[in-house]
There are 2 protein chains.
Amino acid sequence: MSTARATYRHGDLRRSLIEAGVALAREGGPDAVVLREATRRAGVSPNAAYRHFADRAELVEAVSDAAQGAAAAAIEAELADVPAASDVPSAQERLRAVGIGYLRFARDEPGLFRVAFGVPGNLDRAFEAEKAGPGGSSPFALLAGTLDDLVRFGALPAERRPAAELLAWSAVHGLAMLVLEGPLHELGEEIRVMAGRRVVEMVVRGI
Amino acid sequence: MSTARATYRHGDLRRSLIEAGVALAREGGPDAVVLREATRRAGVSPNAAYRHFADRAELVEAVSDAAQGAAAAAIEAELADVPAASDVPSAQERLRAVGIGYLRFARDEPGLFRVAFGVPGNLDRAFEAEKAGPGGSSPFALLAGTLDDLVRFGALPAERRPAAELLAWSAVHGLAMLVLEGPLHELGEEIRVMAGRRVVEMVVRGI
DNA sequence: CCATCATGTGTACACTGTCCACAATCGCAC
DNA sequence: GTGCGATTGTGGACAGTGTACACATGATGG
């Protein structure tokens with residue numbers, strides 16, 4: 001943390017920098033992840049960061065991974081409330097839970113959300129461990145799992161399964177971004193909750 | 001443009017700065033709209049900008065308005081290809097056109113798109129004239145119009161009309177953002193087109 | 001014709017990311 | 001142990017940014 005260290009070596013500077021970056025992102029989104037400020041909070045000179053990250057973008061990427069882990073935790077928490085029965089209604093309910101959890105995370109942690117899902121990455125890395133929550137799955141993996149269930153229980157025709165992640169994710173992500181930093185910024189709380197519910201219903205109905 | 005002016009006064013500096021800002025945004029999105037660079041391109045000292053904008057954010061906002069105008073033009077172009085008949089199928093076709101036009105703009109002008117729809121604004125201003133395309137309507141207004149048609153022709157129950165903009169917009173905007181600067185960055189062209197079509201279908205079916 | 005006011009200039013400051021040369025320390029071969 | 005090489009952190013520097021303050025210029029209305 002911010003304890004002025006006695007030793008020349010820091011111990012685990014990389015982790016400290018990521019933690020400081022997460023704290024910054026929490027308060028101001030991706031742009032607030034300032035390399036110099038992170039080193040300051042880690043009690044270290046600015047250049048020390050370059051021993052662990054090639055440049056600022058790489059630090060932000062690591063922070064983004066951590067933020068995706070937090071998002072996964074929020075989704076897992078929402079999923080925990082719905083019984084894991086092996087039938088269509090409960091599979092649909094789990095899909096709703098994933099969407100609601102995603103939106104809840106966006107509302108509760110807007111800064112983290114933006115750094116998690118508003119920073120260029122690639123699809124190949126969507127499943128990797130750095131982005132996982134406590135349960136070991138990344139947000140993308142959680143969504144994919146519920147869609148697989150929908151297919152297994154016959155609620156989603158197999159030929160519509162490919163790229164179905166994109167549909168579900170797009171709808172929910174779009175609402176979150178529009179509300180967080182887009183033209184819907186000043187929407188009232190109750191309208192946002194209502195819109196969230198209806199977007200999720202649109203996905204369940206239209207996927 | 002970049003012609004070194006002879007006179008002390010500039011003439012229409014505000015407009016020049018916005019145009020320079022649009023050019024910058026086109027190449028690099030919102031972060032590329034650099035106040036000093038805009039003044040440089042306008043052939044003027046950095047501080048001159050402060051006679052027309054309170055700060056950088058205000059310049060970016062003006063650039064965003066202009067970019068939304070360009071988006072409206074793209075949507076209008078897409079709408080122009082579908083006959084304006086007064087029946088359900090053609091109203092649905094117009095809704096598709098709005099979505100496809102939006103996605104096309106995102107693909108053709110990613111920088112402008114991000115400055116248009118990734119910058120905090122508010123819903124109150126969504127319809128105002130600065131954001132309008134050649135046809136005089138803002139992107140939001142174009143969408144609202146097609147949704148009104150859907151209600152008029154009986155394809156959308158009136159009780160589902162409120163906030164239906166949010167549903168349609170969210171789905172399409174989400175896909176665009178995920179592909180442009182989110183985790184779906186490296187998706188292939190054909191997958192993106194396919195995903196676009198399917199998202200639009202999901203909206204038509206699920207709204 | 002001159003005063004006023006809008007508009008553009010110059011200088012300055014704090015802040016950022018990043019480069020370079022140097023210093024301290026850890027860990028391993030002998 | 002001892003010395004040495006690789007890691008990791010430091011210090012100083014530079015270009016670039018947004019923006020504040022005082023000043024210069026020139027168009028305009030009395």
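Below, each value reflects all heavy atoms present in this structure, side chains not excepted, and no hydrogens, waters or symmetry copies. Just so it is clear: chains get the letters A, B, ... in the order the sequence lines come, proteins before strands, and each one is counted from 1.
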Assess whether a salt bridge exists between [X] and [Y], defined as any Lys/Arg side-chain N lying under 4.0 Å from an Asp/Glu carboxylate O.
X        : Y        : value
B/Glu189 : B/Arg107 : yes
A/Arg41  : A/Glu37  : yes
B/Glu109 : B/Arg114 : no
A/Glu201 : A/Arg197 : no
B/Glu78  : B/Arg94  : no

Output the rounded distance in Å from [atom1] ([X]) to [atom2] ([N]).
X       : N      : atom1 : atom2 : value
B/Arg15 : C/dT7  : CZ    : P     : 15 Å
B/Arg51 : C/dG8  : CZ    : P     : 9 Å
B/Leu17 : D/dG18 : CG    : C1'   : 15 Å
A/Arg56 : C/dC19 : CZ    : P     : 15 Å
A/Glu37 : C/dC15 : CD    : P     : 10 Å
A/Glu58 : C/dT18 : CD    : P     : 11 Å

Looking at the side chain of [X], which of [options] is the nearest nucleotide?
X       : options               : result
B/Asp55 : D/dT10, D/dT19, C/dT9 : D/dT19
B/Arg40 : D/dG9, C/dT11, D/dT17 : D/dT17
B/His10 : C/dG8, C/dG17, C/dT9  : C/dG8
A/Arg9  : D/dA27, D/dT7, D/dT10 : D/dT7

### Message
Using 30° and 60° as the class boundaries, would you call the ring planes of B/Phe117 and B/Phe113 parallel, tilted or perpendicular?
### Response
tilted

Verify the contact: side-chain N or O of [X] to OP1 or OP2 of [N], cut-off strictly under 4.0 Å; return yes or no.
X       : N      : result
A/Arg14 : D/dT7  : no
A/His52 : D/dT7  : no
B/Tyr50 : D/dT19 : yes

In short, A/Glu58 meets A/His52 closest at the heavy-atom pair OE1-O, 4.3 Å

Under a 4.0 Å heavy-atom cutoff, the residues of residues 23-36 of chain B touching DNA chain D are B/Val34, B/Leu35, B/Arg36

Establish whether the base of C/dT11 is bridged to the side chain of B/Asn47 by a donor-acceptor pair shorter than 3.5 Å.
yes

